There are 2 protein chains.
Amino acid sequence: MNRTAQHLVSHNIKPSAQRIAIMKYLMEHPTHPSVDKIYCDLLPDMPTLSRTTVYNTLRVLEENDALITLNIDSKNVRYDGNVMPHAHFMCRSCGKIYDTALPEGILKEIPGMETFQIDAIKLYYKGLCQECQEKENNNKE
Amino acid sequence: MNRTAQHLVSHNIKPSAQRIAIMKYLMEHPTHPSVDKIYCDLLPDMPTLSRTTVYNTLRVLEENDALITLNIDSKNVRYDGNVMPHAHFMCRSCGKIYDTALPEGILKEIPGMETFQIDAIKLYYKGLCQECQEKENNNKE
DNA sequence: TACAATGTTGTAATGATTACATATATGATT
DNA sequence: AATCATATATGTAATCATTACAACATTGTA
């Protein structure tokens, strides 16, 4: 059993060829891909793959905490195989999503709302990455 | 000109009957409603209102910073007329969305990513509100 | 009143996601 | 290995939120 299959088993997911391929893709592509990106990129090496299978598999992976879903892009749900707590920055110009650090003190509790039980935290930043800031500045000149 | 119309003008939005009604609804209902909730609730008093108008108006309001959009609920976009910086908590049992405080230190910059220009921050918590925690505990007994 | 610009409406199209029925693969038992 | 039950994968069709677009209405101005 390969490394990716072991990873799935450690999350209580029965490995299948499709599940391994999708999990492997997510681990090798920390680009926060959409369903369609995953499907289209895997199709050449897996011609029988179905879009439905991608949806089903991503749901199984999420339910077993093998990935997290991002709703930072209003157009598409994005998927992230990195389940360590972290935040995300999306550039409104180039659309790229970057992993960023989660500021200290966020994980504990909500100030004034200590009675809430927190299961998950999503922190999304939107703005301009350095590259796109420079492009905007160049266009002004 | 009434208070809501003035509010729109202060955001550089030309007031119309529909825009005033939608803005007023958002200010009087800090419940983070969906498009459909807004549409259905306003329809009795505004029988000619169109769903498209609600979509159009919400976009205009957002573009002029008169509201913020929430992608905390994967099923529906939610709208919030409170544009002061704050975070949100959504209960996975009852579905209610609560306004919460934004922890100190978040607004400044991302640790290790100081070159990013941050325009907006969304902080979403998910978990169980106190009421639903108690319900779950009662069911166990 | 006439005119131009802006806002509203309804219908139809789009596109992501889900439901569902069928087919395939897996694993255990004989 | 053959059988069987269960789990997984596939393809099509349906759903539902959102957008595109064209026709209509309103507003403000001359």
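Excluded from the calculations below are hydrogen atoms, water molecules and symmetry mates; all remaining heavy atoms, backbone and side chain alike, are included. What you see is a predicted model; the values in this text were computed from it and never measured. Naming: A, B, ... by sequence-line order, numbering from 1 per chain.
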With under 30° as parallel and over 60° as perpendicular, where do the rings of B:H88 and B:Y124 fit, or are they tilted in between?
tilted
Measure from [atom1] on [X] to [atom2] on [N] and round the result to the nearest Å.
X: B:N71; N: C:dT17; atom1: CG; atom2: P; value: 12 Å
X: B:L43; N: C:dT9; atom1: CG; atom2: P; value: 10 Å
X: B:E62; N: D:dT18; atom1: CD; atom2: C1'; value: 14 Å
X: B:R51; N: C:dA12; atom1: CZ; atom2: C1'; value: 15 Å
X: B:L49; N: D:dA25; atom1: CG; atom2: C1'; value: 15 Å
X: B:M46; N: C:dT9; atom1: CE; atom2: P; value: 7 Å
X: B:I22; N: C:dT9; atom1: CD1; atom2: C1'; value: 13 Å
X: A:L58; N: C:dT18; atom1: CG; atom2: P; value: 11 Å

With a cut-off of less than 4.0 Å, is there a side-chain N or O of [X] near OP1 or OP2 of [N]?
X: B:Q18; N: C:dT9; answer: yes
X: B:Y55; N: D:dT18; answer: yes
X: A:T53; N: D:dT10; answer: yes
X: B:T48; N: C:dT9; answer: yes
X: B:K75; N: C:dA16; answer: no

DNA chain D nearest-nucleotide lookup for B:N56 and B:N76: closer to the 5′ end is B:N76
With nearest nucleotides of DNA chain D determined for A:Y39 and B:V77 from heavy-atom distances, which residue corresponds to the more 5′ nucleotide?
A:Y39
Taking A:H86 for its side chain and A:M84 for its backbone only, find out whether a donor-acceptor pair lies under 3.5 Å.
yes
Of D:dT8, D:dC21, C:dA16, the nucleotide closest to the side chain of B:T52 is D:dC21
Compute whether any side-chain donor of one residue and acceptor of the other, for B:D99 and B:H32, lie under 3.5 angstrom apart.
yes
DNA chain C: 5'-proximal contact among A:D36 and B:A17 (nearest heavy atom):
B:A17
Which is more 5' along DNA chain C, the nucleotide nearest B:P47 or the one nearest B:K14? Just name the residue.
B:K14
Between C:dG7 and B:S16, counting only base atoms on the nucleotide and side-chain atoms on the residue, is there a donor-acceptor pair under 3.5 Å?
no
Hey, is A:K126 close enough to B:D119 for a salt bridge, meaning N to O under 4.0 Å?
no
Around B:Q6, counting heavy atoms of other residues, nucleotides and ligands shown, do more than 12 lie under 6.0 Å from its CD?
yes
